[in-house]
Amino acid sequence: MIGQLNPEQLAAVTTNEQHTLVLAGAGSGKTKVLTTRMAWLIQNGKVSPYGVLAVTFTNKAAREMLTRLTAMLPVDTRGMWVGTFHGLCNRLLRAHYRDAGLPQNFQILDIADQLAAIKRLIKANDIDDEKFPPKDVQRFINNAKENGERPDTVEVWDAHRKRLAEIYQLYQEQCQREGVVDFAELLLRAYELLSRNVLVREHYQRRFRYILIDEFQDTNTLQYKWLCLLAGAHASLFAVGDDDQSIYAFRGANVGNMSAFERDYAGNNIIRLEQNYRSYGHILDAANALIEHNTERLGKNLWTDRGEGELLRVVEQPTDLLEAQWVVDEIRAQINDGRLRSEIAVLYRSNAQSRPIEHALFSAHIPYKVYGGLRFFERQEIKHVLAYLRLIASGDDDTSFMRVVNFPTRGIGARTLENLSDCARQIGCNLIHAVGAVSGRSGTKLLAFAKLIETLREDAQTLSLPELIKHVTDASGLNAHYEAEREGAERLENLGELINAATAFCAEENLEGKAALAQVERSVAPDDPDSPFAQELTSALALFLSHASLEAGDNQAQAGEDAIQLMTIHAAKGLEFDSVFITGVEEGLFPHENSIMAEDGLEEERRLMYVAITRAKERLTFSLAHARMLHGQTRYSMRSRFLEELPDDHLKWLTPRTREVAEPSWGMRLHVDAHARPSTGRIEPRAPRSISSGVSVSGKEYRIGQGVRHSRFGDGTIIRLTGQGADAQAEIVFRDTGAKTLALAVAKLDIIAG
DNA sequence: TTACTAAGACTTTTT
DNA sequence: GTCTTAGTAA
């Protein structure tokens with residue numbers, strides 16, 4: 001089991017220190033260490049499977065961990081808590097729903113459900129949705145929750161935020177009334193449960209002797225607090241992560257948790273896994289050199305004994321279409337050389353970039369697979385069925401009610417629903433319970449809908465889950481609706497797929513035995529009425545609904561087909577490919593313009609590039625286009641600064657490297673850019689490249705790198721051009737006043753030397 | 001209630 | 001350029 005480990009991996013797996021921080025570089029065998037440690041702990045009698053808790057961010061990672069573990073050691077995994085933060089918190093809350101103040105059948109809102117609930121709340125309370133756009137409210141609430149804050153503790157420093165906190169309060173009341181929790185609430189509730197209930201807390205603190213955390217750099221503040229609480233004073237914490245691969249700060253991840261963990265727990269017990277088993281030398285050296293430009297690193301340098309390998313290749317093309325064409329031609333050549341299509345990945349910063357590449361691949365008849373986009377359980381038709389199922393399971397869930405009360409259409413319009421909503425508010429009950437209070441013809445229609453749900457609920461008693469789903473799609477009219485729809489064939493197929501999924505789910509549940517699991521829980525908590533543990537076994541329907549919310553399904557379709565892999569760099573994290581194309585390596589796109597101004601934004605972009613580079617095993621190709629169609633207009637950009645940060649001796653230019661022009665104001669650009677770490681003197685100020693693409697406005701020619709003078713802002717350099725003619729705009733970095741975007745037709749600019 | 005049109009967005013998104 | 005959402009006409 002431990003025979004194949006290198007010394008650092010071995011040290012991590014067998015450490016006897018209470019707490020350990022493992023800095024695991026890309027491709028250094030992170031999952032192997034994590035799973036081997038679990039196996040080692042169990043095999044050596046340090047702990048029984050029952051005392052292990054391992055937490056990951058994705059269901060996929062959790063599954064892989066269990067698979068690898070059982071392959072190593074015949075472990076009874078039923079008593080183990082291995083899962084995502086959200087999955088484990090859900091488990092905790094189901095077991096202690098009373099103490100957590102939740103109904104037993106509470107439903108989980110995904111982001112779309114949550115947004116719908118917020119919109120409904122804003123309407124019901126006559127809140128100005130111009131001042132408080134639902135999306136902003138959603139972000140405010142989720143941010144607050146991820147920091148462990150409730151409406152009464154969240155910081156308010158102005159009237160606007162004060163109002164947001166009030167809306168948060170209203171939202172909380174609405175969720176409570178409807179028996180629903182959002183993703184962030186799962187964590188916060190579980191945290192509050194543990195922190196307030198001594199009995200429950202001590203039980204789990206006693207139980208989980210070993211807590212292992214994967215992708216620790218991605219944890220948010222609340223998750224860290226949750227872990228600390230769960231660990232108590234005696235558990236052993238084993239955190240594995242890579243600060244250089246922290247790319248989710250924008251959604252609340254706090255890399256600072258790594259140094260906090262070092263300070264609070266691990267002390268000097270930090271183990272670095274730096275030997276890389278994935279890539280050749282040039283790739284790793286380039287990645288190391290790039291990430292060196294970041295400050296605030298815990299520090300790490302990847303190395304390999306596989307040899308240097310190929311140089312990294314760079315290609316510049318005039319347009320995004322030609323870039324795509326070049327990439328596809330190159331892909332074809334690589335396939336002809338015998339490379340597997342599924343071992344070739346095309347990565348990009350933003351989803352919109354996939355289009356021209358898809359087009360070129362399609363024209364070339366090369367099979368490809370795009371990752372990202374809608375997932376199975378997020379599809380409209382699936383969410384509709386799930387809404388019916390939720391109403392059957394709970395009934396209080398107004399979001400689900402609103403979703404399907406008039407779908408398929410039953411002549412229940414907006415007016416009727418407004419009436420209903422008013423009635424419900426007056427009575428102080430949920431929508432479905434207020435249907436009797438609405439008079440007239442519309443009231444009859446509402447009653448018919450309520451009766452439908454009631455009948456379905458009775459039917460649910462006697463039907464198996466797959467049978468129930470089939471029955472619901474028939475009785476609700478969903479099937480008929482999609483049969484009549486011109487393009488409903490695919491939706492019908494998905495409904496069939498949902499029934500398959502339910503069948504598989506039930507089979508798996510019976511096999512693995514969620515029931516058996518509940519038995520295990522119960523053996524710990526004897527059947528006394530004061531036990532904080534839930535006594536009832538949960539129904540297949542309830543389990544399936546949780547499953548659907550917490551696991552939206554794979555983002556990839558049919559695996560196994562040998563196809564080119566297209567995805568964002570974020571989606572590529574954790575994956576590896578023989579040959580990788582990193583496309584659109586342009587200023588403004590990568591690093592993205594929005595992140596350049598954000599705090600630490602540039603460092604996160606650089607980590608993103610680091611992640612991208614370290615995906616490649618054998619061959620890595622960068623490509624960029626000088627002109628690109630974006631948001632309906634052509635944008636001209638220059639080569640990404642990240643390419644300048646890669647040492648020349650790892651690069652091979654397949655097209656002529658565009659000319660570099662001495663440009664005094666370029667130095668100022670770096671000065672303006674505080675993230676470029678001028679203190680080390682590492683970065684040599686480089687001039688922007690002049691490119692052929694220019695813009696002509698009222699007789700003047702503008703191009704990237706052009707020096708200009710503005711009467712008010714002074715001298716500066718054009719770093720980007722967008723649009724044509726009257727719409728043409730230039731982003732200009734002024735020596736003294738920073739970056740500005742100006743309309744060329746309006747701004748009075750003089751062309752100066754450059 | 002449906003269907004068309006206009007307006008606005010538009011970086012990344014494990015649960 | 002393309003998609004989603006909101007608003008209005010039929």
Presence of donor-acceptor pair under 3.5 Å, side chain of A/Arg375 and base of B/dT15: no

Sugar-phosphate only, base, or nothing, as touched by A/Phe85 at under 4.0 Å among non-hydrogen atoms: nothing

Side-chain donor-acceptor pair present, A/Ser28, A/Arg278, cut-off under 3.5 Å: no

A/Asn406 side chain near B/dT1 phosphate (N/O to OP1/OP2, under 4.0 Å): yes

Sole candidate of A/Leu347, A/Leu608, A/Thr583 that passes side chain to side chain contact (heavy atoms under 4.5 Å, CB included) when paired with A/Phe590: A/Leu608

Distance in angstrom units between A/Leu115 CG and B/dT15 P, rounded: 19 Å

Touch class at under 4.0 angstrom, heavy-atom based, for A/Gly574 against every strand present: nothing

Interatomic distance where CD belongs to A/Glu358 and P belongs to C/dG1 [whole Å]: 18 Å

Residue met sooner reading DNA chain B from 5', once A/Gly411 and A/Phe183 are mapped to nucleotides: A/Gly411

Ring geometry between A/Phe407 and A/Tyr482 (parallel below 30°, tilted from 30 to 60°, perpendicular above 60°): tilted

Sugar-phosphate, base or nothing in reach of A/Ile412, heavy atoms under 4.0 Å: sugar-phosphate

Centroid under 5.5 Å and tilt under 30°, A/His592 to B/dT11: yes

Listed nucleotide nearest any side-chain atom of A/Met629, set B/dT15, C/dG1, B/dT11: C/dG1

Most 5' of A/Thr568 and A/Ala414 on DNA chain B, judged by nearest nucleotide: A/Ala414

Whole-Å gap separating P (B/dT11) and CD1 (A/Ile569): 15 Å

Selected nucleotide, minimal atom distance to A/Asp218 side chain, candidates B/dT14, B/dT12, B/dT15: B/dT14

Basic-acidic side-chain contact under 4.0 Å: A/Lys383, A/Asp110: yes

Electrostatic pair A/Arg68-A/Glu64, nearest N-O below 4.0 angstrom: yes

Face-to-face stacking of A/Phe250 with B/dT12, centres under 5.5 angstrom, angle under 30°: yes

Atom-pair distance (CZ on A/Phe407; C1' on B/dT2), nearest Å: 13 Å

Shortest side-chain distance from A/Asn351, nucleotide among B/dT14, B/dT15, B/dT12: B/dT12

Any side-chain heavy-atom pair of A/Glu605 and A/Arg349 under 4.5 Å: yes

Atom-pair distance (CD1 on A/Ile111; P on B/dT14), nearest Å: 8 Å

Rounded interatomic separation in angstrom, taking CD from A/Glu146 and P from B/dT15: 14 Å

Residue A/Arg355, side-chain atoms from C-beta onward, closest of B/dT13, C/dT2, B/dT14: C/dT2

Among B/dT15, B/dT11, B/dT2, the nucleotide that comes nearest once only the side chain of A/Thr409 is considered: B/dT2

Contact under 4.0 Å: A/Asn59 side-chain N or O vs B/dT14 OP1/OP2: no

Spacing of A/Glu130 atom CD relative to C/dG7 atom P, expressed in whole Å: 9 Å

Spacing between A/Phe57 atom CZ and B/dT13 atom P, to the nearest angstrom: 16 Å

